[in-house]
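Input: a single structure, listed below in structure tokens.
Keep in mind it's a predicted model, so treat the numbers as computed, not measured.
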Amino acid sequence: MFLLQLVVVVVLVAATVVALVVQARRQGTEEARKRTIAVAEAFANSPGIVEALDRPHPTAVLQPLTEKARKRSGVDGIVIINTHGIRYTHPDPDRIGKHVIKGDPYQEAVRGKTLTDTLVTPLGLTVFAEVPVFRPDGSVAGIVSPEIKIKNVNERVAQQLPTLFGAAGSALVLAAGGSALVGRRLQRQTRGLGPVEMTRMYEHHDAVLHAVREGVLIIAGNGRLLLANDEARRLLDLPADAERRHVTDLGLAPDTAGLLASGRTATDEVHLAGERLLAVNLRPVDKGGQAGSVATLRDTTELRSVASRAEVARERLRLLYDAGVRIGTTLDVVRTAEELAEVAVPRFADFVTVELQDPVLRGEEPEGPSTEMRRTAVRGIHNDQPLFPVGELIRFVPTNPIAAGLETGRAMLEPDLAASDGWRAQDPERSQRILEYGIHSLISVPLQARGIVLGMTDFWRSENQPFEEEDLSFAEELATRAAVCIDNARRYTREHTMAVTLQRSLLPRGLPEQSAVEVAHRYLPAQAGVGGDWFDVIPLPGARVALVVGDVVGHGLHAAATMGRLRTAVHNFSALDLPPDELLGHLDELVARIDADQAAEGNGPGVTGATCLYAIYDSVSGQVTVARAGHPGPALVLPDGMVAFPEIPVSPPLGLGGSLPVETAALRLPEGSRLVLFTDGLIENRHRDLDTGLELLRDALAHPDRTPEQTCQAVFDALLPERPSDDIALLVARTHLLDPAQIADWDVPSDPAAVSRVRADVTRRLKSWGLDQVAFATELITSELVTNAIHYGSQPIRLRLLHNRNSLICEVSDGSSTSPHLRRAATTDEGGRGLFLVAQFAQRWGTRYGARGKVIWTEQSLLNAAAEPAASLGDSLLDLWTETEL
């Protein structure tokens with residue numbers, strides 16, 4: 001080792017000396033070139049040089065000058081030559097007048113070029129320059145040629161040799177010390193073995209390492225491969241340059257590379273390497289401060305079948321896990337069946353079909369197994385398969401394995417469909433096409449949940465190996481998990497259908513006949529299920545109509561049932577002809593009472609928080625009276641298209657009013673105005689605030705030429721979200737005014753004699769309206785009502801007739817709040833039969849109260865009215881007494 005280091009140092013010193021010599025020569029030559037050029041240029045351009053060259057004897061003048069310039073400039077000589085090559089000056093006087101050496105580069109200078117050149121002589125290297133001297137006319141008068149001999153190269157090298165040899169000696173000393181230290185360390189590590197013994201031991205170990213039939217890998221702590229024997233290279237198919245590379249860069253399987261790089265302890269772990277199964281043992285080592293690991297590999301190809309089955313089992317477990325995650329993501333029966341088919345293709349089967357019984361698709365529970373089912377889902381590796389399409393109603397023949405599976409409740413295997421006569425009997429023509437397509441084996445599994453067969457799922461193979469017996473248990477497990485999800489979706493469908501049916505039954509199925517407004521409506525349940533939004537149109541006496549919109553908090557059956565209770569209550573309160581503020585006050589008390597009862601019983605959530613808007617439109621006056629309890633106010637569209645949101649006083653939601661009075665607002669509407677009532681789900685959702693929703697609603701309503709039906713559709717198109725999170729109810733009412741010519745009213749004095757005059761006025765007005773057929777009954781009704789008002793009421797007394805579209809309305813108002821009651825008069829009573837007669841001849845009658853007094857009204861239908869002879873009236877009067885009473 002020391003000798004090798006000595007040789008290296010000597011070679012380095014020699015190379016350094018040569019480099020110094022070459023560098024010194026190069027630097028000296030370059031410096032000489034620059035000095036000769038500078039001296040020649042200075043002398044050639046000095047004053048009087050041209051005149052001296054053109055004299056008859058230029059040497060006498062120029063020789064002293066050149067010697068003087070040579071001594072001052074430090075050059076070895078300055079030679080002046082004429083254009084014919086004759087020297088005028090030279091440091092050696094014997095050479096003056098002599099011709100220069102043939103081939104001298106002075107000829108280039110004669111042509112006006114400046115140049116330098118070198119000349120090697122026995123005395124050393126000489127550098128000279130050739131610079132022309134120009135006359136004023138540009139011709140060359142002569143040539144100035146200084147020269148320098150380079151003699152100091154060895155001197156410069158000699159100056160640096162001591163430093164060089166000192167550094168070399170120091171390097172030798174350090175090398176000797178390092179060699180001694182390394183030698184002692186090698187002696188300790190080799191336990192005193194010499195080179196011969198070490199070589200013999202290495203050869204022995206190398207022979208043993210590469211002769212064993214186990215692969216051996218030595219891996220550094222950083223994961224780089226240090227050594228691999230021949231068997232390891234063969235088993236792992238390692239590249240030739242595998243050593244010193246990281247194990248993850250050797251093209252190994254990810255799990256194998258991860259194990260080798262981990263450095264953990266492993267015993268007989270089975271890993272796949274190409275077509276081989278390797279048993280890998282790994283032991284970490286940390287000896288002498290060098291961390292790493294040693295791996296041994298054994299080829300266990302005989303375990304391949306076991307590993308293959310283990311891999312199949314692992315894949316089946318992963319597939320079951322994926323099925324648990326991906327099947328049943330929605331509560332939709334059809335989508336759940338499709339998810340079952342998507343999970344199984346292509347990891348278990350090439351094609352999957354699912355058939356369900358029709359009751360299951362409707363959300364109903366099937367009565368029992370049935371061989372008649374509807375194909376619900378089809379999934380495969382190709383889309384052109386000849387299986388029955390989705391939606392096809394299939395009646396399985398008894399010999400079909402699918403029918404046998406339904407009967408036994410167990411999975412059925414047909415490994416060779418071509419040999420299955422029972423399967424081919426289902427549809428011979430289609431079966432032949434299926435076989436020609438390449439489908440060759442089938443597993444059919446019943447979809448059972450809670451002991452009920454919901455349908456069947458069929459697994460088909462065409463490109464993979466035929467199904468085997470061991471595939472049956474997995475197919476049953478997969479079908480069982482899917483059946484639970486399908487049953488959950490079925491029950492949700494049933495409950496959702498029940499809730500929707502209940503809600504639809506509680507909402508108005510058709511709008512009642514009335515002439516005050518033209519109405520269109522929309523209702524859309526939330527995506528999460530039915531809710532408590534509702535609307536209503538309630539005809540009121542006196543050519544009036546009530547428009548109602550409400551919202552119950554929450555979703556589901558409870559919200560729908562609560563909505564039905566509130567709607568029924570509003571109908572009942574409307575029958576009393578209450579003004580909007582009083583009706584909402586009664587409704588608030590009802591909700592508070594329902595909540596108190598439910599809180600006492602602990603039965604379900606309360607109703608508090610429900611909202612309602614109640615409006616009464618009078619087609620005679622064109623006035624609408626509106627009150628609201630926590631509900632959004634209406635939108636008003638005037639005939640010119642201007643949209644406004646009138647300020648309606650808001651009261652707390654129902655159940656929170658605390659007996660506080662409800663305020664109302666009265667608006668006068670021109671004919672043809674549109675009153676728009678809606679719930680908050682239309683204008684507000686998680687992606688849109690209230691102000692934005694109102695602006696969108698304003699834009700959608702600003703089209704006066706649309707009908708209410710068109711308006712509803714335009715509003716839904718503009719504001720309906722893709723997945724509504726809340727119910728939406730919309731009601732659009734276009735107002736009508738009753739023609740003033742169809743209205744007649746009279747002030748009635750408190751004089752019984754005025755009854756006959758009023759009766760005569762009524763008869764004349766009815767004749768002008770062409771209502772002679774109801775004149776007699778109307779005279780009787782008017783006479784009775786006016787007479788009662790005179791006898792029992794107070795001033796002011798007023799009679800009003802309204803000729804509506806299909807009815808005649810008679811109203812008698814007075815200042816008293818006393819209400820008459822219908823009763824059966826005794827045989828001795830002289831009166832008490834007037835209201836009985838009114839009830840007989842009027843279609844409806846009733847009483848409503850105002851701020852001052854009351855109004856008794858009757859309504860007669862004009863659709864089925866016929867001539868009324870006096871005899872029929874007499875018969876009706878006689879019917880009031882029995883034969884005994886007569």
Would you please test Arg798 and Asp814 for salt bridge (Lys or Arg N to Asp or Glu O under 4.0 Å) and show each step? CA-CA 7 Å; Arg798 191 170 184 83; Asp814 67 83; over 6 Å; no
Correct closest heavy-atom pair for Val662 and Ala627 would be CG1-CB, 4.0 Å
CG (Leu331) and OG1 (Thr336) are apart, to the nearest 0.5 Å, by 7.0 Å
Original post:
If you measure from the Lys or Arg side-chain nitrogens to the Asp or Glu carboxylate oxygens, is any gap between Arg490 and Glu365 under 4.0 Å?
Top reply: yes
Ignoring hydrogens and angles, state whether a donor on the side chain of Thr711 or Arg674 is under 3.5 Å from an acceptor on the partner side chain.
yes
Thr611 and Gly630 have their tightest heavy-atom pair at CG2-O, 3.1 Å
Under the side-chain contact (heavy atoms from CB on, under 4.5 Å) criterion, do Cys612 and Leu584 qualify, and how do the steps go? CA-CA 8 Å; Cys612 183; Leu584 290 184; 3.9 Å; yes
Item to complete: Verify the distance criterion only: is there a donor paired with an acceptor across the side chains of Asp581 and Thr664 at less than 3.5 Å?
Response: no
Leu719 and Gly693 have their tightest heavy-atom pair at CD2-O, 3.5 Å
Practice task
Please examine the side chains of Leu361 and Arg374, heavy atoms only from C-beta on, and report whether any two atoms are closer than 4.5 Å.
Solution key: yes
- Query: Can you check whether Val732 reaches Val519 side chain to side chain, under 4.5 Å on heavy atoms?
  - Reply: no
* **CZ (Phe645) with more than 12 external heavy atoms under 6.0 Å** => yes
- Might you work through the salt bridge (Lys or Arg N to Asp or Glu O under 4.0 Å) test for Glu364 and Arg491, ending with a clear yes or no? CA-CA 7 Å; Glu364 302 172 4; Arg491 289 190 288 177; over 6 Å; no
So CZ of Arg362 and OG1 of Thr493: to nearest 0.5 Å the spacing works out to 12.0 Å
Without hydrogens or angle criteria, can the side chains of Gln860 and Ser807 be said to hold a donor-acceptor pair below 3.5 Å? no
Is a side-chain donor-acceptor pair under 3.5 Å present for Tyr523 with Asp727? yes
Those residues at least two apart in sequence (or on a different chain) that pass side chain to side chain donor-acceptor pair (under 3.5 Å) with Gln514 are none
* Indicate yes or no: at least one non-hydrogen side-chain atom of Val762 is less than 4.5 angstrom from one of Leu799. => yes
Exercise for review: Show the numbers, then the answer: is there a side-chain contact (heavy atoms from CB on, under 4.5 Å) between Glu859 and Asn804?
Suggested key: CA-CA 10 Å; Glu859 183 175 334; Asn804 206 353; over 6 Å; no
Donor-acceptor contacts, no H, no angles, side chain residues 694-708, under 3.5 Å, sequence neighbours left out:
residue, atom, partner, partner atom, Å
Arg698, NH1, Val643, O, 2.9
Arg706, NH1, Ala700, O, 2.9
Thr707, OG1, Gln710, N, 3.2

Hey, does Trp534 have a side-chain heavy atom less than 4.5 Å from the side chain of Val548? yes
- request: Could you go through the side-chain hydrogen bond (donor to acceptor under 3.5 Å, both in side chains) check for Thr330 and Arg335 one step at a time?
  value: CA-CA 7 Å; Thr330 65; Arg335 180 57 191 154; 5.3 Å; no
Note: Val537 and Pro539 closest approach over all heavy atoms is O-CD, 3.8 Å
Q: Show the numbers, then the answer: is there a salt bridge (Lys or Arg N to Asp or Glu O under 4.0 Å) between Asp772 and Lys767?
A: CA-CA 5 Å; Asp772 294 336; Lys767 185 175 182 180; over 6 Å; no
Nearest heavy-atom approach of Val360 to Val333 is O-CG2, 4.0 Å
Note to self: Distance alone, cut at 3.5 Å: any donor-acceptor contact between the side chains of His631 and Asp551?
What the structure shows: no
query = Would you say the side chains of Asn788 and Glu784 form a donor-acceptor pair under 3.5 Å?
reply = no
Taking the side chain as everything from C-beta on, heavy atoms only, tell me whether His586 gets closer than 4.5 Å to Leu578.
yes
Return yes if a side-chain donor-acceptor contact under 3.5 Å exists between Thr625 and Tyr614, otherwise no. no
Between the CG atom in Leu669 and the CG atom in Leu737, the distance rounded to the nearest 0.5 Å is 8.5 Å
Smallest heavy-atom separation, Ala615 atom then Val624 atom, equals CB-CG2, 4.0 Å
Report task. Test salt bridge (Lys or Arg N to Asp or Glu O under 4.0 Å) on Glu513 and Arg805 and set out the steps. Result -> CA-CA 10 Å; Glu513 183 69 24; Arg805 182 190 305 167; 3.2 Å; yes
*Asp689 side chain to Thr692 main-chain N or O, any donor-acceptor pair under 3.5 Å?*
yes
**Asked** With a 4.5 Å heavy-atom cut-off, do Ile616 and Val545 have their side chains touching?
**Response** no
Residues pairing under side-chain hydrogen bond (donor to acceptor under 3.5 Å, both in side chains) where one sits in residues 733-743, two or more places apart or in two chains, turn out to be Glu518-Arg734, Gln742-His803
